[in-house]
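These notes concern the structure reproduced below.
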Amino acid sequence: MPSPASPSSKMGKNEGIRFVSSSIKIPRPPISSPNPILSTLPFARQSFAIHLDRAREAAQRLLCSISGFRGRGVLCSASLAATRPEHESGVSRRQHGGREDEERVLISEVLIRNKDGETLERADLEAAATGALKSCRPNAALTGREVQEDVHRIIKSGFFCSCIPVAVDTRDGIQLVFQVEPNQDFQGLICEGANVLPTKFVEDAFRDGYGKIVNIRRLDEVINSINGWYIERGLFGLVSSIEMLSGGILKLQVSEAEVNNITIRFLDRRTGEPTTGKTRPETILRQLSTKKGQVYSMLQGKRDGETILTMGIMEDVTIIPQPAGDTGKVDLVMNLVERPSGGFSAGGGISSGITNGPLSGLIGSFAYSHRNVFGKNQKLNLSLERGQIDSIFRINYTDPWIEGDTKRTSRTIMIQNSRTPGTLVHGSHQSGQGGVTFGTLVHGSHRSGQGGVTPGTLVHGSHQSGQGGVTIARVTAGIEYSRPFRPKWTGTTGIIYQHAGARDDKGDPIIRDVYNSPLTASGNSSDDMLLAKLETVYNGSSDHGSSIFVFNMEQGLPILPEWLYFNRVSARARQAYLGAM
């Protein structure tokens, strides 16, 4: 009979149960995200999955080796069955009263060693591994599940990249040794794929760990903060992998979903089916701040949708991001529902007490508008208002963004022809009879007991008559350019030409009043004016109110000697406050 083994004698370690992990390579499992598109992109997050899976395998092999020492093949089978489906392991589970029956193995001693089986150089790491153990204690009867759970706890402490449970059969019983491999000290960082992530943000996130042993749990927090930076800004970007290189260098791989293509799709406003739109695609695309090659931002996409709606030609805008195959990019599909682009309107009525005749008091109006001329979002408005005395005809054409311009410069062309009654009175008439006739422009006073002024004459005194009238005929044409030059600031410049003069009720020009004074600055039947305009507008708003400041300067340009020449400067400001009443 062989002599019993000495206390120092040990059986050889079973190499079949060794597990070695050379890096902290993180897989790419699907992630849960409020954005469905993210689940289809090759993103991943930091996790312990690879370590836990390998540790589970190591624990299974450990128990198999223990069964080989003690002849407990049933324990090995039960351990395998506890972590593998029955159809894979081929081992049935024995149950009593609905609970699984796992055989226990008595462990005489539990040790923490390095991967070579030697004592760890750093006592704090040994204490961290020992403190992570919950079930594995000396003289404890353990099941395979309990060993496996403690291996997981050591890995989850974050200080170790591998943990291999090794069983050693001694004279005193089975000795359980957890062979751990600590992570390296953090000495540097390589970050790839982060095009929009600020470098300073990454440096600040890793600065506290420099020169210290890499803790995977702390690393997980850092990666979550990086992912949070993308989420807060609505950007499609996440950390896809992280790997420990030799020399304590961490390699961080970031995946950012760039915009691959933008597709415009028009939908019928009644059926919702795809249809042919009237708006040119380039007119829509130039309004978008999201461009191809940029990292897609949901917040930026929302602002783009609001910008399209403010054009006034769309009834509904929806932007749908879709994965662009396996490229890691996204395709944007913009569904647009157009509004009716134009229309007519007309009206009429009767106003009493203006003129005499069979058609006295009849007034009418007609208007036509088109908000998407040539499919370029250009606006055209024509209107005509006609009465017995006054009339106004307007043509207004606006291009909100001149083609080929990069500064969002708009252009407005305006033509107007109007005849309005002269109703301003700046004097008085003192007489026992008569009074100031409607439609007479008065700039002084005329005292007389009898006599008067010929009906329909513009005077510096008064007009005694109940007949006739005076109108101001004015033709105006101009062009203006406007563009934003700073946030909340808009500048406008333009040239306006005006031709104006007085007319009687027959349309003949009135040059002088009854005192033979000229009614025009030039002495002709009408005055001409070329006006240069410069205007600056500030429009600010906040949660507490809104403010507006307008500065306007007009300069008359004397192209011809008889043209008006003057300068006019004006400014106005308004501040509104919001608050509870």
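- Asn372 places no side-chain N or O within donor-acceptor distance of the main-chain N or O of Ser341, the cut-off being under 3.5 Å.
- Ring geometry, Trp563 versus Tyr497: the interplanar angle falls from 30° to 60°, so the pair is classed tilted.
- When side chains are defined from C-beta on, Leu197 counts as touching Trp229, because their heavy atoms get closer than 4.5 Å.
- At a threshold of 4.5 Å between non-hydrogen side-chain atoms, the residues Glu535 and Val550 count as touching.
- Judged by distance alone, with hydrogens and angles left aside, the side-chain atoms of Glu256 form no donor-acceptor pair with the main-chain N or O of Gly328 at under 3.5 Å.
- With Gln555 contributing its side chain and Lys533 its backbone, the two residues share no donor-acceptor pair below 3.5 Å.
- Residue Glu403 qualifies as open at atom CD: its count of foreign heavy atoms under 6.0 Å is 12 or below.
- The aromatic rings of Tyr210 and Phe186 stand perpendicular to each other, their planes meeting at an angle above 60°, with 30° marking the opposite boundary.
- For Phe374, the CZ atom sits in a loose shell: 12 or fewer heavy atoms of surrounding residues, nucleotides or ligands are nearer than 6.0 Å.
- Using modelled atom types, one side-chain atom of Lys291 and one backbone atom of Leu288 make a donor-acceptor pair closer than 3.5 Å.
- A 4.5 Å side-chain heavy-atom check between Met311 and Ile284 finds at least one atom pair inside the cut-off.
- The backbone N or O of Ile154 sits less than 3.5 Å from a side-chain atom of Ser157, completing a donor-acceptor pair.
- Residue Ser482 comes nearest to Thr490 through the heavy atom pair OG-CG2, 3.4 Å, listed as atom of the first residue, atom of the second, then distance.
- Listed here is the closest heavy atom pair of Pro400 and Lys379: CG-CE, 4.5 Å.
- Sorted by first and then second residue, the ring pair (Phe, Tyr, Trp, His ring centres under 6.0 Å) pairs with a member in residues 237-274 form an empty list; sequence neighbours excluded.
- In the displayed structure, Tyr368 atom OH is contacted under 6.0 Å by more than 12 heavy atoms of other residues, nucleotides or ligands.
- With hydrogens and angles ignored, the 3.5 Å screen pairs a side-chain donor or acceptor of Glu338 with a backbone N or O of Lys278.
- The local environment of NZ in Lys376 is crowded, with over 12 non-hydrogen atoms from other residues, nucleotides or ligands closer than 6.0 Å.
- Every residue two or more places apart in sequence or in another chain was checked for a side-chain hydrogen bond (donor to acceptor under 3.5 Å, both in side chains) with Arg303, and none qualifies.
- Just one residue in the list Leu564, Leu530, Leu531 forms a side-chain contact (heavy atoms from CB on, under 4.5 Å) with Leu557, and that residue is Leu530.
- Counting heavy-atom neighbours within 6.0 Å of Arg371 CZ, excluding the residue itself, gives a total above 12.
- The shortest distance between side-chain heavy atoms of Glu258 and Gln294 does not fall below 4.5 Å.
- Minimum heavy-atom separation, Val180 to Cys163: CG1-SG, 4.0 Å.
- Taking the six-membered ring where the residue is Trp, Phe236 and Tyr296 present perpendicular rings, their angle passing 60° and hence far from 30°.
- Between Val569 and Asn552 the shortest side-chain heavy-atom distance does not fall below 4.5 Å.
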